**Q** 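Starting off with a structure, shown below.
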Amino acid sequence: MKHFFIINPFAGPFDTTKEVKKRLESFEEWVEIDWETYVTKGPGDAAVYSAMLCERYPNETIRIYACGGDGTLNEVVTGIMGHTNAQVATFPSGSGNDYLRYYGARSDFRDLDRLIEGEPHAVDVMKVTIGRGPDAPVRYCVNVLNFAIESVVASTMTKVKRMPIIGRANAYKTGALVSMFTSRHNHFKCYVDGEFYFDGDTMLFCLSNGRYCGGGYMCAPLSRNDDGLIDIYRVLPLSLLRMPDAIAAYQKGEHVDNEKYRNEFSFRQGTDIELECPEPMPMAIDGELIESDYYHVEMIHNAFDFILPKGISPIK
């Protein structure tokens, strides 16, 4: 098997290119593996390179390691979609790496020995069509789609993630503070599996495959990434006075079945979701912002093989 390590030098607060290469060279001292590294040149490059690898080696299994954050993992998965010969692993070096929190400690995935010896597990992906018509662009989401207030949080995090004090570990808190004053009321219409769900103001709305976003906020505590279902979480607008307590509950995943938010919170599942907006509204796909007045989200069950480090089992 060939192993390809795609390194994103722009992920996270620091460039980890040298660290990844040093770990690979040290690993090779005791076992021979066929590996190559590639450093991305900009946004979208990891997707293009991953697709090229799949086409170059159509008759053998290859393993592609996303060395970066959730955005890098998203790009690699986007690149391999439609190809059955690629497995996807990730060596975390981003700001959040929230998808990995589903399985536990980030350190498990930074143990290169266990990662290379890991086994594949089939997981789901959300397909996102942006706009209407046969030529509408399509994206894929591995972890979480954030809409309404969360898209503002994601936008702010991207801007401040490498800044001292307000960025790095505090990037989500900074984004939440900004969004509290700018984006508590977002009007749109939602259909789930062809049935009308709601038409009205929403403060927080996320479609989840994973469980975490924003560097450790448990936005979707009930979600499974291999059950073939999209978890849908909605919170109605809250007053500024209630926001700090709500954010604290959201961080811990305590917003579900919480009596304090019984009248504002709703949860359901589905496989096909449509969002109609009176005007273009932003959505964050694994942290990357796009904008449209219509989104169609479909679940793709068992979309690709994700590598779990040796000793890590799928969530039951």
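Please read these numbers as outputs of a predicted model, since none were measured by experiment. All values below come from the heavy atoms of this structure, side chains included, with hydrogens, waters and symmetry mates left out.
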**Q** Is there a side-chain contact between Q87 and M1 (heavy atoms, below 4.5 Å)?
**A**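 Yes, their side chains come closer than 4.5 Å.
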**Q** Which residue in the set V77, T78, T72 passes side-chain contact (heavy atoms from CB on, under 4.5 Å) when paired with N74?
**A**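 Of the listed options, the one satisfying the test is T78.
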**Q** Of the non-hydrogen atoms in S208 and S223, which two are nearest, and what is the gap between them?
**A**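 Shortest heavy-atom separation between S208 and S223 comes out as O-OG, 3.6 Å.
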**Q** Looking only at the aromatic ring of each residue, does the gap between the centers of F205 and F188 stay below 6.0 angstrom?
**A**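 Centroid separation for F188 and F205: below 6.0 Å.
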**Q** Tell me if the CG atom of D257 is crowded by more than 12 foreign heavy atoms within 6.0 Å.
**A**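 Not buried by this count: 12 neighbours or fewer within 6.0 Å.
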**Q** On a heavy-atom basis, which atom in C206 and which in N146 lie closest, and how many Å separate them?
**A**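 Heavy-atom minimum between the residues: CB-OD1, 3.7 Å.
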**Q** Answer with yes or no whether the side chains of D45 and T40 bring together a donor and an acceptor at under 3.5 Å.
**A**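 No, D45 and T40 have no side-chain donor paired with an acceptor closer than 3.5 Å.
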**Q** Is any side-chain heavy atom of P237 less than 4.5 Å from a side-chain heavy atom of T202?
**A**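 With C-beta onward as the side chain, the pair stays apart.
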**Q** State, to 0.1 Å, how close R224 and Y102 come at their nearest heavy-atom pair, and which atoms those are.
**A**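 Looking at all heavy atoms of both residues, the closest pair is CA-OH, 3.4 Å.
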**Q** Does the side chain to side chain contact (heavy atoms under 4.5 Å, CB included) test come out yes or no for H187 and D199, once each step is laid out?
**A** CA-CA 7 Å; H187 190 98; D199 180 3; 2.9 Å; yes
**Q** Step by step, would you call I116 with Y65 a side chain to side chain contact (heavy atoms under 4.5 Å, CB included)?
**A** CA-CA 9 Å; I116 291 176; Y65 298 75; 3.7 Å; yes
**Q** Do M126 and Y140 touch side chain to side chain, with heavy atoms closer than 4.5 Å?
**A**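 No, too far: nothing below the 4.5 Å cut-off.
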**Q** Roughly how far, to the nearest 0.5 Å, is CG of L73 from OG1 of T90?
**A**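 T90 atom OG1 to L73 atom CG measures 5.0 Å (nearest 0.5 Å).
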**Q** So, E117 and R114, do they make that salt bridge, N to O below 4.0 Å?
**A**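 Salt bridge flag = no for R114 with E117.
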**Q** Find out if a path of hydrophobic residues (ILVMFWY) with successive side-chain heavy-atom gaps under 4.5 Å connects V142 to M218.
**A**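 V142 does not cluster with M218.
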**Q** Got a second to check how far D293's CG is from R132's CZ, nearest 0.5 Å?
**A**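 Rounded to the nearest 0.5 Å, the CG-CZ separation comes out at 7.5 Å.
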**Q** Shortest non-hydrogen contact from S93 to C67?
**A**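 Minimum heavy-atom separation between S93 and C67: OG-C, 3.6 Å.
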**Q** Verify, without hydrogens or angle tests, whether N225 (side chain) and V123 (backbone) share a donor-acceptor contact under 3.5 angstrom.
**A**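 Absent.
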**Q** Under a single-linkage definition using a 4.5 Å side-chain heavy-atom cutoff for Ile, Leu, Val, Met, Phe, Trp and Tyr, are Y103 and V76 assigned to the same hydrophobic cluster?
**A**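 The answer is yes; both residues are in one hydrophobic cluster.
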**Q** So I80 and V88, do their side chains get closer than 4.5 Å, heavy atoms only?
**A**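 Sidechains of I80 and V88: in contact.
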**Q** For G216, is there any backbone N or O sitting under 3.5 Å from a side-chain donor or acceptor partner on D98?
**A**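 Yes: the side chain of D98 pairs with the backbone of G216.
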**Q** Is there a side-chain contact between I285 and I290, using heavy atoms and a 4.5 Å cut-off?
**A**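 Yes. Closest side-chain heavy atoms under 4.5 Å.
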**Q** For residues F109 and Y212: do they belong to one hydrophobic cluster (side chain heavy atoms under 4.5 Å, members Ile, Leu, Val, Met, Phe, Trp, Tyr)?
**A**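 No, F109 does not connect to Y212 through the hydrophobic network.
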**Q** Does the pair Y38 and Y49 meet the rule for a ring pair (Phe, Tyr, Trp, His ring centres under 6.0 Å), with working shown?
**A** CA-CA 9 Å; Y38 176 79; Y49 190 74; 3.8 Å; yes
**Q** If we ignore angles and hydrogens, is there a donor and acceptor under 3.5 Å between the side chains of E274 and Y294?
**A**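 Judged by distance alone, the side chains do pair up.
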**Q** Report the C-alpha distance between Y250 and Y233 in whole Å, list the side-chain angles of each, state the deciding distance to 0.1 Å, and finish with yes or no for ring pair (Phe, Tyr, Trp, His ring centres under 6.0 Å).
**A** CA-CA 11 Å; Y250 185 65; Y233 296 81; 8.6 Å; no
**Q** Between N209 (side chain) and D124 (backbone), is there a donor-acceptor pair under 3.5 Å?
**A**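 Yes.
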**Q** Does any donor atom in the side chain of Q269 or D231 lie under 3.5 Å from an acceptor atom in the other side chain?
**A**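 A pair is found: one side chain offers a donor N or O, the other an acceptor, under 3.5 Å apart.
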**Q** With side chain to side chain contact (heavy atoms under 4.5 Å, CB included) as the test, would you mind laying out the steps for F5 and W35 before giving the verdict?
**A** CA-CA 7 Å; F5 293 80; W35 62 271; 4.0 Å; yes
**Q** Between R242 and E264, does any side-chain N to carboxylate O distance fall below 4.0 Å?
**A**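 Counted as a salt bridge, because a side-chain N and a carboxylate O are separated by less than 4.0 Å.
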**Q** Is the shortest side-chain N to carboxylate O distance from R139 to E288 below 4.0 Å?
**A**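 Salt bridge: yes.
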**Q** Going only through I, L, V, M, F, W and Y residues with side-chain contacts under 4.5 Å, is there a path from M52 to F304?
**A**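 Yes, same cluster.
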**Q** How close do I130 and S292 get, heavy atom to heavy atom, and via which atoms?
**A**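 The pair with the smallest heavy-atom distance is CG2-CB, 3.5 Å.
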**Q** For F198, does the six-membered ring have the charged nitrogen or CZ of R234 within the cation-pi criterion, i.e. under 6.0 angstrom from the centroid and within 45° of the normal?
**A**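 Yes - R234 lies over the ring of F198, closer than 6.0 Å to its centre and within 45° of its axis.
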**Q** Between D34 and H3, is a side-chain hydrogen bond (donor to acceptor under 3.5 Å, both in side chains) present by the stated rule, with each step listed?
**A** CA-CA 6 Å; D34 185 359; H3 300 253; over 6 Å; no
**Q** Are the side chains of I230 and I273 in contact, using a 4.5 Å heavy-atom criterion?
**A**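 The answer is yes, as the side chains (C-beta and beyond) meet within the 4.5 Å cut-off.
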**Q** For residues H301 and D227, report the shortest heavy-atom separation together with the two atoms involved.
**A**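 Closest heavy-atom pair between H301 and D227: CE1-C, 3.9 Å.
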**Q** Output yes when a side-chain donor or acceptor of D70 lies under 3.5 Å from a complementary backbone atom of L100, and no otherwise.
**A**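 A pair under 3.5 Å: no.
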**Q** Apply ring pair (Phe, Tyr, Trp, His ring centres under 6.0 Å) to the pair H255 and Y261, showing each step before the final yes or no.
**A** CA-CA 7 Å; H255 52 298; Y261 312 109; 8.5 Å; no
**Q** Is E254 paired with K260 through a side-chain N to carboxylate O contact shorter than 4.0 Å?
**A**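 Judged by the 4.0 Å cut-off on N to carboxylate O distance, K260 and E254 do not form a salt bridge.
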**Q** Roughly how far apart are K2 NZ and R56 CZ, rounded to 0.5 Å?
**A**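 If I round to the nearest 0.5 Å, the distance is 9.5 Å.
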**Q** Going from CD1 on I64 to CD1 on I307, what distance comes out if it is rounded to the nearest 0.5 angstrom?
**A**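 So the CD1 of I64 and the CD1 of I307 are separated by 11.0 Å.
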**Q** Ignoring hydrogens and angles, tell me if any N or O in the side chain of N143 forms a donor-acceptor pair with the backbone of D286 under 3.5 Å.
**A**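 Checked: no pair found.
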**Q** For E60, I'd like to know if atom CD has over 12 heavy atoms of other residues, nucleotides or ligands within 6.0 Å.
**A**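 It does: E60 CD has more than 12 such atoms within range.
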**Q** Less than 4.5 Å apart, side chain to side chain, heavy atoms only: is that true for Y197 and S266?
**A**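 Counting from C-beta outward, Y197 and S266 do come under 4.5 Å.
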**Q** Using atom types as modelled and distance alone, determine if a side-chain donor or acceptor of N85 lies under 3.5 Å from a backbone N or O of C54.
**A**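 Present.
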**Q** Go through the side-chain N and O atoms of D193 and T271 and say whether any donor and acceptor fall under 3.5 Å apart.
**A**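 T271 and D193 do have a side-chain donor-acceptor pair below 3.5 Å.
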**Q** Between F306 and Y99, is the ring pair (Phe, Tyr, Trp, His ring centres under 6.0 Å) condition met? List the steps.
**A** CA-CA 11 Å; F306 183 67; Y99 186 71; 5.3 Å; yes
**Q** Taking the side chain as everything from C-beta on, heavy atoms only, tell me whether V256 gets closer than 4.5 Å to L222.
**A**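 Yes - at least one pair of side-chain heavy atoms lies under 4.5 Å apart.
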**Q** Just verifying a value: how many Å separate K189 NZ and C277 SG, rounded to the nearest 0.5 Å?
**A**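 It comes to 11.0 Å.
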**Q** Has E75 got a side-chain atom pairing as donor or acceptor with A46's backbone, closer than 3.5 angstrom?
**A**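 Indeed, once roles are kept as given, a pair shorter than 3.5 Å links the two residues.
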**Q** Set out, in order, the CA-CA distance, both residues' side-chain angles and the distance that settles side chain to side chain contact (heavy atoms under 4.5 Å, CB included) for I315 and R211, then state yes or no.
**A** CA-CA 12 Å; I315 303 297; R211 291 182 179 174; 3.9 Å; yes
**Q** If hydrophobic clusters are built from ILVMFWY residues whose side chains come within less than 4.5 Å, do L229 and F147 share one?
**A**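 No, because L229 and F147 fall into different hydrophobic clusters, even though each may have its own neighbours under 4.5 Å.
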